[in-house]
Amino acid sequence: MLDIKQEFLTDKAYPLLEGCALFLLDWLIEGPDGYLETNPSTSPEHSFIAPDGRPASVSYSTTMDMAIIKEVFSGVVAAAEVLGYSNRDLVNKVRKAQTRLRPIKIAMDGSIMEWAQDFKDPEMHHRHLSHLFGLFPGHTITLELTPDLCTAAEKSLYKRGEDGPGWSTTWKIALWARLYSSKHAYRMIKHLINLVDPDHEVSFHGGLYSNLFAAHPPFQIDANFGFIAAVAEMLVQSSVKDLYLLPALPRDKWGNGWVKGLKARGGVTVDIRWSNGDLNEVDVWSKDQISLHKLHYRGTSVTVDIASHTVYTFNGQLRLMKTCSL
């Protein structure tokens with residue numbers, strides 16, 4: 001099965017990443033302070049107050065641009081290591097470019113800067129959270145590696161507020177989940193589950209129609225799909241080698257429950273059972289490959305060597321209780 005995954009990486013995924021990287025390397029230009037910049041650049045659907053006092057929306061090197069480029073370049077390097085392409089010319093160019101990308105900066109008010117300069121924001125409660133791409137769905141802002149940026153991301157979420165269309169609401173759920181804030185993630189869930197009368201709806205206010213389709217209004221599927229992804233982030237977060245269990249579970253609201261079949265990075269499937277807000281058991285397994293993962297729960301970590309087609313069951317203290325064939 002590992003050969004099948006490498007075939008997919010070789011024939012489909014890597015050529016796509018390679019094409020993206022070639023485009024980005026061509027697009028990036030050297031700025032006056034030595035960083036590689038994108039120019040022109042926008043932060044989707046948002047604007048800023050230019051130094052002359054007029055509204056503007058086009059600048060250079062927005063935070064979203066830089067976050068997406070970092071994710072693509074990291075993907076290229078990681079895929080190249082798996083395929084043995086690390087010494088290829090493109091990969092070397094990507095590595096050199098990585099060190100010269102403009103870093104994410106913190107604004108004077110303590111939030112994440114959305115633009116390369118600390119421009120005044122004409123609409124603080126704007127629905128978009130593009131400058132937080134590195135937190136979710138990206139991985140360049142993490143509690144473990146960039147705590148200062150996480151604090152700034154939290155400030156950005158407070159600034160944006162809770163109002164907005166459904167897709168924005170579900171994005172905020174996922175962002176708060178990445179910050180392990182179960183309280184705020186749950187508040188945004190409650191904000192989404194608000195019945196909307198299609199005959200008296202208000203633009204950009206979100207909510208749900210009676211058939212559970214998400215309102216923008218009108219209906220947009222983004223929030224329905226996004227809600228599933230966001231709740232999954234509340235229950236399991238993962239990198240290729242790490243699994244974080246119940247990182248943003250609202251213990252006082254969802255005290256008892258279970259979830260089956262959540263897919264984690266690295267080809268791992270996870271089942272979780274909890275009661276009174278505490279982990280009871282977790283099953284992890286992989287059908288396709290042998291992998292080494294570290295499980296994390298409330299400060300406790302354990303490493304498990306996952307053999308294919310074997311289910312590993314751990315208790316709430318992450319002690320291995322049993323194994324069985326899938």
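Values below: all heavy atoms of this structure, side chains included; hydrogens, waters and symmetry mates excluded. Everything numeric in this text was worked out from a predicted model, so none of it was measured.
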- Give, for atom CZ of Phe213 and atom CG of Leu208, the distance between the pair rounded to the nearest 0.5 Å. 11.0 Å
- What pair of heavy atoms forms the shortest contact from Asp271 to Gly261, and how long is it? OD1-N, 2.7 Å
- Is it possible for you to say whether Leu149 and Ile69 belong to one hydrophobic cluster, with membership spreading through side-chain heavy-atom contacts below 4.5 Å? no
- Would you say the side chain of Glu281 lies within less than 4.5 Å of the side chain of Lys322, judging by non-hydrogen atoms? no
- Do Tyr60 and Phe119 share a hydrophobic cluster, counting only Ile, Leu, Val, Met, Phe, Trp and Tyr and linking them when any side-chain heavy atoms are less than 4.5 Å apart? no
- Item | Contact summary for Gly277 and Tyr297, nearest pair of heavy atoms | O-OH, 4.1 Å
- Stepwise side-chain contact (heavy atoms from CB on, under 4.5 Å) test for Asn224 and Phe219: CA-CA 10 Å; Asn224 291 94; Phe219 163 65; 3.5 Å; yes
- Item | Ring centre gap for Tyr312 and His293 strictly below 6.0 Å | no
- Item | Salt bridge Arg160-Glu114, side-chain N to carboxylate O under 4.0 Å | yes
- Measure the CD-CH2 distance between Gln220 and Trp167 for me, rounded to the nearest 0.5 Å. 8.0 Å
- Note on the structure: All heavy atoms of Ala80 vs all of Val91, minimum pair found to be CB-CG2, 3.7 Å
- Query: When rounded to the nearest 0.5 angstrom, what is the spacing between OG in Ser286 and NZ in Lys263?
  - Reply: 9.0 Å
- Query: Where the side chain of Thr63 meets the backbone of Met113, is there a donor-acceptor pair that is under 3.5 Å apart?
  - Reply: yes
- Measure the spacing between CG of Asp118 and OG of Ser111 and express it to the nearest 0.5 Å. 7.0 Å
- Task: Keeping the roles fixed (side chain from Arg265, backbone from Ser239), state whether a donor-acceptor pair exists under 3.5 Å.
- Result: no
- Residues Lys287, Thr269; criterion side chain to side chain donor-acceptor pair (under 3.5 Å); working and verdict: CA-CA 8 Å; Lys287 289 184 177 181; Thr269 302; over 6 Å; no
- Step through it carefully: locate the ring centre of His126, locate the ring centre of His46, and say whether they are under 6.0 Å apart. yes
- Item | Same apolar cluster: Tyr35 and Val94, side chain cutoff 4.5 Å | no
- Message: Check whether Trp258 forms a cation-pi arrangement with Lys260 (NZ or CZ under 6.0 Å from the six-membered ring centre, at most 45° off the ring normal).
- Response: yes
- Flag yes if more than 12 heavy atoms outside Lys294 fall under 6.0 Å of its NZ atom; otherwise flag no. no
- Query: So, are Asp283 and Arg273 salt-bridged, with charged N and O less than 4.0 Å apart?
  - Reply: yes
- Message: Assess the residue pair Gln6 and Val82 against the criterion (side-chain contact (heavy atoms from CB on, under 4.5 Å)); give the C-alpha distance rounded to whole Å, side-chain angles, the decisive distance to 0.1 Å, and a yes or no.
- Response: CA-CA 8 Å; Gln6 286 191 328; Val82 172; 4.1 Å; yes
- Going by atom types only, do Thr62 and Ser41 share a side-chain donor-acceptor pair under 3.5 Å? yes
- Assess the side chains of Ser275 and Asn280: does a donor N or O sit below 3.5 Å from an acceptor N or O? yes
- Message: Is it true that, when you exclude Lys190 itself, more than 12 heavy atoms of the residues, nucleotides or ligands shown sit nearer than 6.0 Å to its NZ?
- Response: no
- Message: I want to check something: taking the side chain as every heavy atom from C-beta on, are Ser47 and Pro122 in contact at a cut-off of under 4.5 Å?
- Response: yes
- Query: Is any side-chain N of the basic residue among Asp163 and Arg127 closer than 4.0 Å to the acidic one's carboxylate O?
  - Reply: no
- Item | Met66 reachable from Ile112 in the ILVMFWY side-chain graph, under 4.5 Å edges | no
- To the nearest 0.5 Å, what is the distance between CD (Glu162) and NE2 (His184)? 7.0 Å
- Query: Quick one: do Asp278 and Arg298 make a salt bridge, cutoff under 4.0 Å?
  - Reply: yes
- Please check if the side chain of Thr38 supplies one atom and the backbone of Asp65 the other of a donor-acceptor pair under 3.5 Å. no
- Would a 4.5 Å heavy-atom cut-off, applied to side chains only, mark Glu154 and Trp176 as touching? yes
- Item | Nearest non-hydrogen partners of Ser59 and Trp115, listed with the distance | CB-CE3, 4.2 Å
- Message: Any non-hydrogen side-chain atom of Val304 less than 4.5 Å from a side-chain atom of Leu320?
- Response: no
- Would you call Asp33 and Arg100 a salt bridge, using N to O less than 4.0 angstrom? no
- Message: For the CZ atom on Arg187, are there more than 12 heavy atoms of other groups (residues, nucleotides or ligands in this structure) within a distance under 6.0 Å?
- Response: no
- Message: Is it true that His296 and Ser301 share a donor-acceptor pair across their side chains at a distance under 3.5 Å?
- Response: yes
- Measure from the side-chain N and O atoms of Gln237 to the backbone N and O of Ala177, and report whether any donor-acceptor pair falls under 3.5 Å. yes
- Can you find a heavy atom in the side chain of Leu145 that is under 4.5 Å from one in the side chain of Thr140? no
- Message: Strictly distance-based, threshold 3.5 Å: is any side-chain N or O of Tyr85 a donor or acceptor partner for the main-chain N or O of Leu90?
- Response: no
- Query: Taking all atoms of both residues into account, what is the closest heavy-atom pair of Leu192 and Gly166, and its distance?
  - Reply: CD1-CA, 4.0 Å
- Item | Heavy-atom side-chain contact between Leu129 and Ser156 under 4.5 Å | no
- Item | Nearest-0.5 Å distance, NZ of residue Lys155 to CD1 of residue Ile106 | 12.0 Å
- Message: I want to check something: taking the side chain as every heavy atom from C-beta on, are Leu249 and Trp274 in contact at a cut-off of under 4.5 Å?
- Response: yes
- Query: Looking at side-chain heavy atoms only, is the closest gap between Ile29 and Asn39 below 4.5 Å?
  - Reply: yes
- Message: Hydrophobic clusters here meaning ILVMFWY residues chained together by side-chain heavy-atom distances under 4.5 Å, can you tell me if Trp171 and Leu235 are in one?
- Response: yes
- Item | NZ/NE/NH1/NH2 to OD/OE distance under 4.0 Å, Arg102 and Glu37 | yes
